[in-house]
Amino acid sequence: MSSRRLLLAANWKMNPPPASALQAAMGDHSANPYHPHSDIDVVVFPTFLDLHKTVAAGLVSGGQYGRPENAGAYSGDISMAMLKTAGCRYVLCGHSERRENHNESDADVAAQAVAGLEQKIHPIICIGETLEERDKGHAESVVKKQLNALPLESDITIAYEPVWAIGTGKTASAAQAQGMHAFIRSLLPKDRQEKTRILYGGSVKADNAEELLSQPDIDGALIGGASLRPEEFGEIVKAGEKITQK
Ligand code: PEP
């Protein structure tokens, strides 16, 4: 079994936090799936407006985006330095929705990751191919190009999120995901191969989490839709704990 600690990241996108996530965990933190757990890492990614609430509730929190510059004339943006001040410990970089809706390039994503590291915020960097790219047989070359732009020698987390599986209900099979994760790991610098966590994202649900999380090169999941449903997220957290305790 790998020494990498399992990480489950709840990406709430442009949605309010599930009400129960903000409720205080009574004694046993594991009773509330969104709260910190002893055996696995659980991180929530609320909107910027809700960040102070999740931090105040004791949840390990992250920003869904951070701009590299510390401050300045960048209307609508928020900087990594501001995320740090707000209590963020993680930041998502290059989610496919941002790559598509905000034209973020590989270089932009890399600059975000470096700025996050400078602020001591842990970047979770999303990469993954579209359906068209996969159908043309380009999945590996696309992922390799996205990966090569990144500061791979640093302490970062990669999230492999095939774009065709995000929010669509279509999940990569466990074998497909494991194959791509092993490929990604093989491209990391030798001294990072055992250390860097690689998460899978794309329609992770209660009924597929255990199989995906059991794969040797899958070190956790980035979860969108299912993370907004507390009972289902709780099932995914339980699957992660079960695998860790094996
Ligand atoms: C995501 O937002 O990164 C994601 C994987 O979403 P979903 O789980 O809904 O596919």
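Start at 1 and go down the list; that is how both ligands and their atoms are numbered.
The shortest separation from a heavy atom of A159 to ligand 1 is not under 4.0 Å, leaving the residue out of contact. By the 4.0 Å heavy-atom criterion, K13 is counted among the residues contacting ligand 1. Using 4.0 Å as the threshold, H95 has a heavy atom nearer than that to some atom of ligand 1. Distances from ligand 1 to the non-hydrogen atoms of S203 include at least one value under 4.0 Å.
Distance alone, capped at 3.5 Å, is enough to place a donor-acceptor pair between the N101 side chain and the E97 backbone. For the pair Q193 (side chain) and L188 (backbone), a donor-acceptor distance under 3.5 Å is present.
Set against the non-hydrogen atoms of G202, the atoms of ligand 1 under 4.0 Å away are 5 (C), 10 (O). Listed by atom number, the atoms of ligand 1 under 4.0 Å from G167 heavy atoms are 7 (P), 9 (O), 10 (O). Here is the list of ligand 1 atoms found below 4.0 Å of a heavy atom in A165: 10 (O). The atoms of ligand 1 that sit less than 4.0 Å from any heavy atom of L222 are 3 (O), 5 (C).
Looking only at atom types and distance, the side chain of E241 has no donor-acceptor partner in the side chain of T244 under 3.5 Å away.
The six-membered or imidazole ring of Y34 lies near that of W12, with a centre-to-centre distance under 6.0 Å.
Here's the thing with G224: one of its N/O atoms is less than 3.5 angstrom from an N/O atom of ligand 1.
Among all protein heavy atoms, the one lying closest to atom 5 (C) of ligand 1 is E161 OE2, 3.1 Å. Shortest contact from atom 9 (O) of ligand 1 to any protein heavy atom: G225 N, 2.8 Å.
Atom CZ of R89 sits in a sparse spot, with 12 or fewer heavy atoms from other residues, nucleotides or ligands closer than 6.0 Å.
Contact annotation: for E97 versus ligand 1, there are no heavy atoms closer than 4.0 Å.
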